[in-house]
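Taking it in order: structure first as structure tokens, then the write-up.
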Amino acid sequence: MKLKEYLSGLFANLSKNLEYLNNTPILFNVPNQANFGDLSTNIALSVAKGLKRNPREVAQEIVDNISLDRNIIDKIEIAGPGFINFFFNPEYLAQIIKIIHAQENEYGKSKKYIGVRANVEFISANPTGPLTVGHGRNAVVGDTVANLLEAVGYDVDREYYFNNAGRQMRVLGDSVRLRYLQLMGDNLEFPEDYYQGEYIKEIAQKLYSEFGDSLKDEGPEGLFKETAEKEIFNDIIKTMENIGIKMKIFYNENSLYQEDRINQLLRLFKEKNLSYENEGALWLKLSELGNEQDKVIVKSSGEPTYRLPDIAYHITKFERGYDLIVDLFGSDHNATYPDVLAGLKSLGYDSEKIKVLIHQFVTILQNGEIVKMSTRKANYITLDELSDEVGKDVVRYFFNMRSINSHLNFDLDVAKKQSDENPVFYLQYAHARISSILKMTSEQGLKSDINQVGLLRKTEEQNLIKKIIEYPEEVLYSAEHFETHRIPVFLEELASLFHKFYTECRIIGSEKNLAEARIALVEAVQIVIKNGLNILGVSAPNRM
RNA sequence: GCGCCAAUAGCUCAAUGGAUAGAGCAACAGCCUUCUAAGCUGUAGGUUAGUGGUUCGAGUCCACUUUGGCGUACCA
């Protein structure tokens, strides 16, 4: 049910008579007070100044030109400085219930971006240790953004980019090797800057059980590193499964070298005269492209910096035919992506297709103190520990409920409480309550009757109806703005309206037609809650 | 120094340039012989960090200031 489109249609007809309506986009929004109507426009206010007329007078002229269909709109009012407020016919609004019943799981989805291909890259943690609570926000938001894009029609690939070469991984392999030698009885010192985690010892133990002493002359980069990578990756994949994430693509940075893409890219930069040598290093001319300063792409040691493979990697995303490329990083990366975008742009790629999302950090509070996370120092709480403790639903809800631009405080003690302090239960409770209602009413011989929904005239009923009408637009807006937190906000408002309805409007005991109309309404509400929770990756229980 | 993000009720946070800034938690007072009280109702709580500006209209946009987080590598 597209109320705004309906009004836009009305106004499009008006613009023949009232020329000033042609120049300004006409926006409708839901006023924050019921007595200002269901939808409102400020068009008279925005147009009045240019016309040098009184906005209320302009509003009156607009309203006088509208021909009303009373089956759809009850009344139009001019209010305040010149707002035009539309009050829809309650019976007409109640028709949304029929639509929701017909569409069920599809309600809220959109075909707007059908056939458009998107790649969402997230997590992208190198396999040097388990995913921590610190990775949780990236993981959950990335997956939810992908869900949102799918809901509006995109064909989405979830992608995990990783690097299993380089110094970090060498140190990882050597950490396992030293732990292995310790198991053999060598009394050697374990360096402070090596990976301290217990999982390193477990991997060493595994190798020791399988191979005994036979690996004592093995170097760090062979079996030690490979085993570590394999074990850690298995662990990461399991962790992702635990919170409902399934990657489609794991992209290994190393394949960029194997496919000679790095050298090709270097040649391309040289051909286009975008690079130059200085002090033994190769620099990219980013200052000419509007960035602050030139940056090194190949160190004097001959090794590339991260920029070069990152640019090559994004070129593959273009070559793989994506129309939308989403990268989700923590705020510690916020200085890196402009170089990459500028590099791509200089080669003629449309960097507008790349949407970089930066989320702010998560502060973990335990016993009232900030926990500083470090994989290297093994000072962390794993994402598994968290989801074991509080469950997938709480984890996913918690990380999704805040704007990514805001710093997130994650108080472990509160999350573990599983009390009513946690809003996810509020939503799930509403869903479970509806299941319970449907069970009880069915036992009473009452059925859902969508043909009686015109009887739903009470404030609580109408408020619910108006809210579920907004849902598809909310999904579309959230997807287009990559704002996952809007869904929890919407659902909490919906659940609140439902709980109010529940308190005020009984079903069993009401007149039969009304009771059956109310059943149709709560079924529709349940569908919307479920669809919303589905986007978040949170389960919708029938019983709590 | 420079860049990005933030600052809103005691706490954690919402708010698409609109009308009287909203939720949850915490506090206080009520509501279960009736579809799940993980719920509902009410009370209290605000100079939207500050100062200017743009606008018919600013929590929202702009400038400056203050405070905090993250960066500012020939680390990723």
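So you know, we letter chains A, B, ... as the sequences are listed, proteins then strands, and number each from 1. The structure displayed is predicted, hence computed values, not measured ones.
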Pair [X] and [Y], ring centroids less than 6.0 Å apart:
{"X": "Y251(A)", "Y": "Y313(A)", "answer": "yes"}
{"X": "H333(A)", "Y": "Y337(A)", "answer": "no"}
{"X": "F83(A)", "Y": "F36(A)", "answer": "no"}
{"X": "F233(A)", "Y": "F250(A)", "answer": "yes"}
{"X": "Y426(A)", "Y": "F498(A)", "answer": "no"}

Each nucleotide N or O in nucleotides 57-61 of chain B that has a protein N or O under 3.5 Å away: list the pair and distance.
none

For [N], take OP1 and OP2 only and decide whether either is under 4.0 Å from a side-chain N or O of [X].
{"X": "N405(A)", "N": "C5(B)", "result": "no"}
{"X": "S406(A)", "N": "A14(B)", "result": "yes"}
{"X": "N32(A)", "N": "G18(B)", "result": "no"}
{"X": "R433(A)", "N": "A37(B)", "result": "yes"}
{"X": "H485(A)", "N": "A15(B)", "result": "yes"}

Between [N] and [M], how many Å separate the two [atom1] atoms, rounded to a whole number?
{"N": "U51(B)", "M": "U8(B)", "atom1": "P", "answer": "16 Å"}
{"N": "A26(B)", "M": "G10(B)", "atom1": "C1'", "answer": "8 Å"}
{"N": "G46(B)", "M": "U20(B)", "atom1": "C1'", "answer": "13 Å"}
{"N": "C62(B)", "M": "U16(B)", "atom1": "P", "answer": "15 Å"}
{"N": "A58(B)", "M": "A49(B)", "atom1": "P", "answer": "15 Å"}

Under a 3.5 Å cut-off for both distances, is [N] Watson-Crick or wobble paired, and to whom?
{"N": "G1(B)", "value": "U72(B)"}
{"N": "A14(B)", "value": "none"}
{"N": "A27(B)", "value": "U43(B)"}
{"N": "C64(B)", "value": "G50(B)"}
{"N": "A58(B)", "value": "none"}
{"N": "A37(B)", "value": "none"}
{"N": "A21(B)", "value": "none"}

Just by modelled atom types, is the [Y] backbone N or O under 3.5 Å from a matching donor or acceptor in the [X] side chain?
{"X": "H359(A)", "Y": "S331(A)", "answer": "no"}
{"X": "N400(A)", "Y": "Y397(A)", "answer": "no"}
{"X": "N163(A)", "Y": "A165(A)", "answer": "yes"}

When rounded to the nearest 0.5 angstrom, what is the spacing between CG in N164(A) and CG in N126(A)? 8.5 Å
How long is the span from the CG atom in L265(A) to the CZ atom in R307(A), to the nearest 0.5 Å? 13.5 Å
Indicate, with a heavy-atom threshold strictly under 4.0 Å, whether Y429(A) touches base, sugar-phosphate, or nothing. base
Classify the side chain of [X] versus the base of [N] as yes if they form a donor-acceptor pair under 3.5 Å and no if they do not.
{"X": "T305(A)", "N": "A76(B)", "result": "no"}
{"X": "S300(A)", "N": "C74(B)", "result": "yes"}
{"X": "N35(A)", "N": "A19(B)", "result": "no"}

List in numerical order all residues of residues 330-337 of chain A for which some heavy atom is under 4.0 Å away from an atom belonging to RNA chain B. S331(A), D332(A), H333(A), N334(A), A335(A), T336(A)
Please list, by residue number, the residues of residues 490-510 of chain A whose heavy atoms come closer than 4.0 Å to an atom of RNA chain B; answer none if no residue qualifies. H499(A), K500(A), Y502(A), T503(A), C505(A), R506(A), I507(A), I508(A)
For F28(A), does the six-membered ring have the charged nitrogen or CZ of K4(A) within the cation-pi criterion, i.e. under 6.0 angstrom from the centroid and within 45° of the normal? no
Output yes if the stacking criterion (under 5.5 Å between centres, under 30° between planes) is met for F36(A) over the base of A19(B), else no. yes
Map N29(A) and D294(A) onto RNA chain B by nearest heavy atom, then report which one ends up closer to the 5' terminus. N29(A)
